[in-house]
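Report on one structure; see the data block that follows.
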Number of protein chains: 2
Amino acid sequence: MTSRVLVVDDETQIRRTVGINLRARGFDVDLAETGEEALDLAVRHRPDVVVVDLGLPGIGGVEVIEGIRGWSRVPIIVLSVRDTEADKVAALDAGADDYVTKPFGMDELLARLRAALRRVIPVADEAAIETGDFTIDLAAKRVTRNGEEVRLTPTEWQLVEVLVRNRGKLVPQHQLLQEVWGPEYQDETGNLREYIARLRRKLEPEQSRPRYFTTEAGLGYRFDAAE
Amino acid sequence: MTSRVLVVDDETQIRRTVGINLRARGFDVDLAETGEEALDLAVRHRPDVVVVDLGLPGIGGVEVIEGIRGWSRVPIIVLSVRDTEADKVAALDAGADDYVTKPFGMDELLARLRAALRRVIPVADEAAIETGDFTIDLAAKRVTRNGEEVRLTPTEWQLVEVLVRNRGKLVPQHQLLQEVWGPEYQDETGNLREYIARLRRKLEPEQSRPRYFTTEAGLGYRFDAAE
DNA sequence: GCGCAGTTGACAACCCGTTAACAGGTCGTT
DNA sequence: AACGACCTGTTAACGGGTTGTCAACTGCGC
């Protein structure tokens with residue numbers, strides 16, 4: 001869940017300062033000194049956001065932006081001493097997402113990093129969970145069995161979600177009751193039994209011997225994807 | 001294909017200047033003088049990008065950002081005379097995408113607008129979606145059934161857009177209400193039911209048994225292109 | 001006024017959550 | 001080994017909430 005940042009700057013001082021600050025905030029940081037290095041690292045490490053200085057020797061900052069934009073939409077934040085409109089327009093139109101003028105405050109850079117990251121995070125929704133008999137897609141709220149869709153009611157979904165999010169782990173009854181029905185239903189185990197039964201009717205290949213939604217008597221229930 | 005920009009500023013001079021310049025560039029422009037007006041226009045007109053001044057009388061700029069972020073991811077660019085890091089961090093963390101300090105150059109603002117718009121466009125330019133019975137072209141805002149065009153009202157379109165953009169995924173009622181009618185309609189499910197019915201009347205081959213716009217009772221609705 | 005779009009209220013049909021009752025199984029005790 | 005307490009799985013039925021639909025109403029532009 002940590003985000004990877006690629007920082008490109010030829011000034012050792014800035015590279016070090018930014019690197020230290022970002023690492024202290026929990027980011028994974030790649031440092032590059034030249035444009036060539038930056039393009040190479042961008043391809044190999046797939047950063048979640050790129051911070052690039054415009055005034056690089058050799059391959060310039062704009063070329064780095066264009067090089068990355070050729071194959072990736074990763075957010076790019078430009079750092080630069082140049083403060084003219086023409087520079088900003090050129091960098092932004094080359095594909096940069098933001099432009100910060102040096103000298104800059106670390107807090108501002110961090111806030112702009114967060115803003116850039118915020119835009120890409122929601123795209124990351126996890127894949128569906130597959131078992132030998134059915135598939136559960138939590139994001140789409142969809143369960144498929146033998147190619148056919150299985151309908152789950154809202155309560156059934158909540159129960160499945162809690163169990164699947166804790167897959168492999170035993171979930172105590174009181175936790176299931178709490179998370180699905182709320183704090184005041186802590187002892188209403190009848191309801192829980194009923195809904196576990198419904199899930200098994202809809203999903204288990206052999207209802208009499210559950211393989212995926214198993215009972216740990218006296219403790220709780222467990223979902224296992226693998227057989 | 002023209003983009004709609006909502007400009008919020010209490011200074012008449014700036015509103016006018018920005019408005020004229022944007023219109024000259026082919027944007028559709030809404031102008032708002034206060035935060036209240038801005039929130040209202042944001043809901044009713046659904047801008048593709050918002051430019052907001054921080055120093056508004058009454059509801060402040062940050063509240064406008066938060067108000068919009070409650071239900072929309074539309075890019076927000078802040079304009080402000082305040083140049084301190086704390087202001088920038090506050091605005092960006094409230095959900096703004098960019099922060100430009102006054103006085104600003106029109107070319108820079110335009111470049112930042114283009115950068116903001118560039119990020120949202122890729123969602124829109126997909127090919128048309130085909131089902132066995134009709135075709136939906138989101139970019140052209142056109143639905144065809146048996147070779148004939150089907151006319152949809154503006155509200156019907158918004159509903160179709162949300163469902164089709166999330167095709168295959170279940171969309172909860174409150175999300176549909178929020179994205180189509182705005183944040184204050186969260187419980188007005190009657191309206192939603194009515195419009196789903198209208199879509200089915202216009203598009204479903206068998207109204208009594210919907211194949212494409214399906215209901216998940218208690219959860220929401222889903223659009224599926226394949227059978 | 002007329003047509004169109006959007007909104008609202010009412011109601012029957014249906015779906016879902018809840019509850020009760022009971023059968024089967026396990027486990028500890030005697 | 002017999003018994004009972006306890007937990008679990010299952011069935012059935014009830015009541016309330018949700019949905020689909022019809023109809024009427026409002027507001028707006030021509």
Side-chain angles (χ1 to χ4, degrees), chain A residues 141 143 149-163 170-174 176-182 184-222, chain B residues 40 43-46 141 143 149-163 170-177 179-182 184-204 206-222:
Chain A
K141 283 234 189 329
V143 177
E149 177 162 358
V150 181
R151 277 252 160 102
L152 299 187
T153 71
T155 310
E156 286 162 3
W157 264 112
Q158 293 199 35
L159 190 53
V160 166
E161 282 190 8
V162 178
L163 288 169
L170 175 105
V171 187
Q173 308 201 14
H174 66 83
L176 288 169
L177 286 166
Q178 170 117 341
E179 294 203 31
V180 176
W181 282 274
E184 53 262 38
Y185 279 71
Q186 296 253 121
D187 317 318
E188 307 277 331
T189 61
N191 229 324
L192 175 57
R193 262 150 45 214
E194 170 60 23
Y195 271 89
I196 291 285
R198 289 186 188 187
L199 282 186
R200 303 215 253 236
R201 267 201 294 280
K202 290 188 177 179
L203 297 176
E204 289 284 356
E206 285 180 272
Q207 287 174 41
S208 49
R209 287 191 295 106
R211 287 166 61 182
Y212 304 107
F213 298 96
T214 52
T215 305
E216 306 270 332
L219 297 170
Y221 296 90
R222 178 203 308 276
Chain B
D40 180 50
V43 170
R44 296 216 327 272
H45 283 188
R46 305 311 167 98
K141 283 217 192 314
V143 177
E149 176 162 0
V150 181
R151 265 179 47 80
L152 298 186
T153 71
T155 308
E156 285 163 2
W157 256 113
Q158 292 201 3
L159 190 54
V160 166
E161 278 195 28
V162 178
L163 287 168
L170 181 125
V171 187
Q173 320 198 20
H174 65 85
Q175 183 183 338
L176 288 168
L177 286 166
E179 296 204 26
V180 177
W181 281 273
E184 54 261 39
Y185 278 73
Q186 295 251 118
D187 314 319
E188 308 278 331
T189 62
N191 227 322
L192 175 57
R193 265 150 44 212
E194 176 58 27
Y195 269 88
I196 291 284
R198 290 185 189 187
L199 282 187
R200 303 215 252 234
R201 269 200 292 279
K202 290 189 177 177
L203 297 176
E204 288 282 357
E206 285 179 90
Q207 285 174 41
S208 49
R209 287 191 296 106
R211 286 168 60 183
Y212 304 107
F213 297 95
T214 52
T215 306
E216 305 270 336
L219 294 166
Y221 296 89
R222 183 200 307 275

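Since we're looking at a predicted model, the values are computed, not measured.
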**Test side chain to side chain donor-acceptor pair (under 3.5 Å) applied to B:Glu194 - qualifying residues, sequence neighbours left out** = B:Arg198
**Spacing between A:Leu219 atom CG and C:dC27 atom P, to the nearest angstrom** = 12 Å
**Prompt:** Where along nucleotides 10-22 of chain C does protein come under 4.0 Å, by heavy atom, of base (B) or sugar-phosphate alone (S), with - for untouched nucleotides?
**Reply:** B----SSBBB---
**Request:** Report the residues that fulfil side chain to side chain donor-acceptor pair (under 3.5 Å) with B:His45, sequence neighbours left out, ordered by chain and then residue number.
**Result:** B:Asp30
**Request:** Identify, with sequence neighbours excluded, every residue that meets side chain to side chain donor-acceptor pair (under 3.5 Å) alongside A:Thr214.
**Result:** none
**Message:** Base, sugar-phosphate or nothing for B:Gln173? Non-hydrogen atoms, less than 4.0 Å.
**Reply:** sugar-phosphate
**Request:** Name all residues meeting the side chain to side chain contact (heavy atoms under 4.5 Å, CB included) criterion together with A:Pro154; count only those two or more places apart in sequence or in a different chain, and write none if there are none.
**Result:** B:Leu219
**Message:** Could you tell me the boundaries of the chain B footprint on DNA chain D, defined by atoms under 4.0 Å from its heavy atoms?
**Reply:** D:dT18 to D:dA23
**Asked** Can you name the salt bridge (Lys or Arg N to Asp or Glu O under 4.0 Å) partners of A:Glu156, sequence neighbours left out?
**Response** A:Lys202
**Request:** Just jot down the side chain to side chain donor-acceptor pair (under 3.5 Å) partners of B:Glu216, sequence neighbours excluded, or say none.
**Result:** A:Arg151, B:Arg222
**B:Trp181 ring center within less than 6.0 Å of B:Tyr195 ring center** = yes
**Request:** Not counting sequence neighbours, which residues clear side chain to side chain contact (heavy atoms under 4.5 Å, CB included) with A:Arg193? List them please.
**Result:** A:Thr189, A:Tyr221
**Complete:** Of B:Arg201 and B:Gly220, the one whose nearest nucleotide on DNA chain D sits closer to the 5' end is B:Gly220
